[in-house]
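Values reported hereafter were calculated over all heavy atoms of this structure, with side chains retained and with hydrogens, waters and symmetry mates removed.
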Amino acid sequence: MKGDSAMDARATDIGTMGAKPMDMRALALDLLLEEERGTEYESRLLKSALDKYDYLDGRDKAFLKRLVDGVTERRLQLDYVLEQFSSLPVRKMKPLIRCVLRMGAYQILFMESVPDSAACNEAVKLVKKRRFAQLSGFVNGVLRKLCAQKDTVVWPDRQNEPLDYLSVRYSMPEWIVRKWAGEYGMERTETMLAALLEKRPLTIRLSERLSEKERESLLGRLKERGCDPVPHPLFSRIWEKTVQDGTERGSFVYMLKGAEGVASLPGFTEGAFAVQDAASMLAVECSGLRNLIRLYQTEESKDLFVLDVCAAPGGKACQAAELLDDKGTVLARDLTENKVSYIEENAARLRLSNLRTQVWDARTPDRSLWEKADVVLADLPCSGLGVMGRKADIRYRVSPESLSEVADLQRKILSVIWQYVKPGGLLIYSTCTLNREENEDMAAWFLGQFPFKPQEPAIHLPENCRDGEPQGCVRLLPGENGTDGFFIACLRRKS
């Protein structure tokens, strides 16, 4: 099975920390145990560790990230395989033993650069160091048996047990597979599942302020760095159609391969680009801000106002502020000081003087802003099923019940924020999930409750973004346009 993943990295056991070596597998074990306790998301735990040990060799950090990400996203599949070689069910194992076996199994099955013997030996060492020496023989036996018989693993039958097969092979809880299969069909569901396991390139949006010469220079420097910038296929199609219609071309969107250490990339510190998924960028483009700017550019007194009610980490708010420049302002809000600090950090780096921030609970009405916003951006809290490719542990944290709970929260927020939209203004409702209750059903509920009507997106979109969607709605599925799973509803307030 080794070689299935494109995320191969050179394995190394230690990093330098003065005279004291650091065991990457031991650090990975600590992170995985913490994530299994449910106290924090794996992606945040990993980022915190990489920031803390930023001085480590790049190969060590790559190994740590590969192992922690891989074990997390393949957990269900790894447990299924381990059950075939262990006399004890995985669920009954001690948490530390369970995590060590998952780590060993992942290295054996998916990391070509790690010899099977090394995966076994290092697992035994870990167990002994953590004072479980009496179980080292059990761990060694399970992993040695897996090494010898990994080609004999019995998978669910694809024809007779299609849901079980997809669940195990793509490490996705069966209830999610069943839900998607019912909504999107088996073939499309498998495409989505496969895409969520693929290594995703970094997506960046070049600054609108860069001249053509500056853009070319930046792309050249990124290429020299080995990032191989490639135009994003979705936006390439969008801008091609836009140019054909004689309208202005939008900002440049590129994918970077092998871009490790974003903060050290050429142009990052200077604010020459923003890191943002293409789906998130699309929400702002759908709002028609470009058209509004062109419409009012001759009216000196016109000051456009955009409100982002759940803005952290600030991608869409910064994009809107950059588009408006001196034509208007953006107010970016979120629930906590910590979240707002992320917005402020991005706005400062991108040198956006027309973006203000504020700590505010979106469920709390603010009468001072009623009917003040030309555009309200509402990327509301959601189940996150569309971003499991970047936040793998979401799949193990959500439940059918939690989907309904988050939909209730969305309705509470929408019941407040619609009042901020000017008559004739636009509400852009978006989520990064693939759950109809939070997407199409939520848009339908909103239109039935408040004085709004669907508005067609102010941008040309590929057909698979609109296939079967209600008027004004856009759906992006993993594996089809090179983006996260995403939903956008464009809703115009009646005059």
Side-chain angles (χ1 to χ4, degrees), residues 39-41 43-45 47-48 51 205 263 271 274-277 280-281 283-284 287 289 303-325 328-384 387 390-391 394 397 402 405-422 425-433 438 442 446 450 491:
T39 56
E40 184 59 277
Y41 283 102
S43 56
R44 293 175 184 169
L45 289 167
K47 182 181 184 304
S48 178
D51 289 343
R205 172 178 54 80
V275 177
Q276 188 179 1
D277 189 76
S280 173
M281 299 180 212
V284 177
S287 72
L289 268 179
D303 186 16
L304 295 169
F305 175 53
V306 174
L307 173 64
D308 191 339
V309 296
C310 298
K316 286 183 285 297
C318 289
Q319 181 184 357
E322 197 170 288
L323 274 172
L324 289 177
D325 197 18
T329 59
V330 174
L331 174 59
R333 288 175 161 179
D334 219 303
L335 186 60
T336 66
E337 291 279 2
N338 189 47
K339 288 188 173 183
V340 168
S341 69
Y342 290 133
I343 307 170
E344 292 171 344
E345 181 181 323
N346 279 316
R349 184 179 60 82
L350 295 169
R351 295 159 174 75
L352 299 171
S353 59
N354 62 337
L355 189 151
R356 296 185 293 116
T357 60
Q358 192 174 36
V359 177
W360 194 275
D361 187 335
R363 295 168 294 185
T364 303
D366 181 1
R367 291 177 179 270
S368 70
L369 292 183
W370 280 9
E371 300 189 357
K372 291 291 198 305
D374 296 279
V375 175
V376 169
L377 300 173
D379 191 11
L380 300 190
C382 69
S383 57
V387 294
R390 291 187 287 113
K391 300 178 180 180
I394 287 176
R397 291 173 177 262
S402 68
E405 291 172 4
V406 76
D408 287 340
L409 173 60
Q410 291 168 347
R411 280 188 284 269
K412 289 178 182 177
I413 294 175
L414 287 169
S415 297
V416 171
I417 64 172
W418 71 268
Q419 299 170 96
Y420 304 142
V421 185
K422 288 180 178 179
L426 201 63
L427 173 67
I428 301 295
Y429 170 74
S430 60
T431 74
C432 56
T433 191
E438 300 171 71
M442 188 62 64
F446 183 85
F450 306 109
L491 309 165

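- Scored by the side chain to side chain contact (heavy atoms under 4.5 Å, CB included) test, Phe450 finds Ser415, Trp418, Trp445, Phe446, Phe452 as partners (sequence neighbours excluded).
- Judged as a side chain to side chain contact (heavy atoms under 4.5 Å, CB included), and not counting sequence neighbours, Glu345 has no contacts.
- Residues passing the side-chain hydrogen bond (donor to acceptor under 3.5 Å, both in side chains) test with Thr357 are Glu344, sequence neighbours excluded.
- Residues Cys432 and Cys382 have side chains in contact (heavy-atom distance under 4.5 Å, counting atoms from C-beta outward).
- For Thr364, the side chain to side chain contact (heavy atoms under 4.5 Å, CB included) partners two or more places apart in sequence, or in a different chain, are Trp360, Asp361.
- A donor-acceptor pair under 3.5 Å is formed between the side chain of Ser287 and the backbone N or O of Val284.
- With sequence neighbours excluded, the residues that form a side-chain hydrogen bond (donor to acceptor under 3.5 Å, both in side chains) with Arg44 are Glu40.
- For Arg411, the side-chain hydrogen bond (donor to acceptor under 3.5 Å, both in side chains) partners are Asp408, not counting sequence neighbours.
- Residues satisfying the salt bridge (Lys or Arg N to Asp or Glu O under 4.0 Å) criterion with Lys412, sequence neighbours excluded, are absent altogether.
- With salt bridges taken as basic N to acidic carboxylate O contacts below 4.0 Å, none links Asp308 and Lys316.
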Would you list the atom pairs, donor with acceptor, under 3.5 Å between side chains in residues 371-378 and any protein atom, with sequence neighbours excluded?
from	atom 1	to	atom 2	distance (Å)
Glu371	OE2	Arg493	NH2	3.2
Asp374	OD1	Lys422	NZ	3.3
Asp374	OD2	Phe305	N	2.9

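- Applying the side-chain hydrogen bond (donor to acceptor under 3.5 Å, both in side chains) test to Asp334 and every residue at least two apart in sequence or in another chain returns nothing.
- Between Val406 and Thr433, the closest side-chain pair of non-hydrogen atoms is not below 4.5 Å.
- The side chain to side chain contact (heavy atoms under 4.5 Å, CB included) test applied to Gln419 returns Trp370, not counting sequence neighbours.
- In this structure, Ile417 and Arg333 have side chains that are not in contact, with every pair of non-hydrogen atoms separated by 4.5 Å or more.
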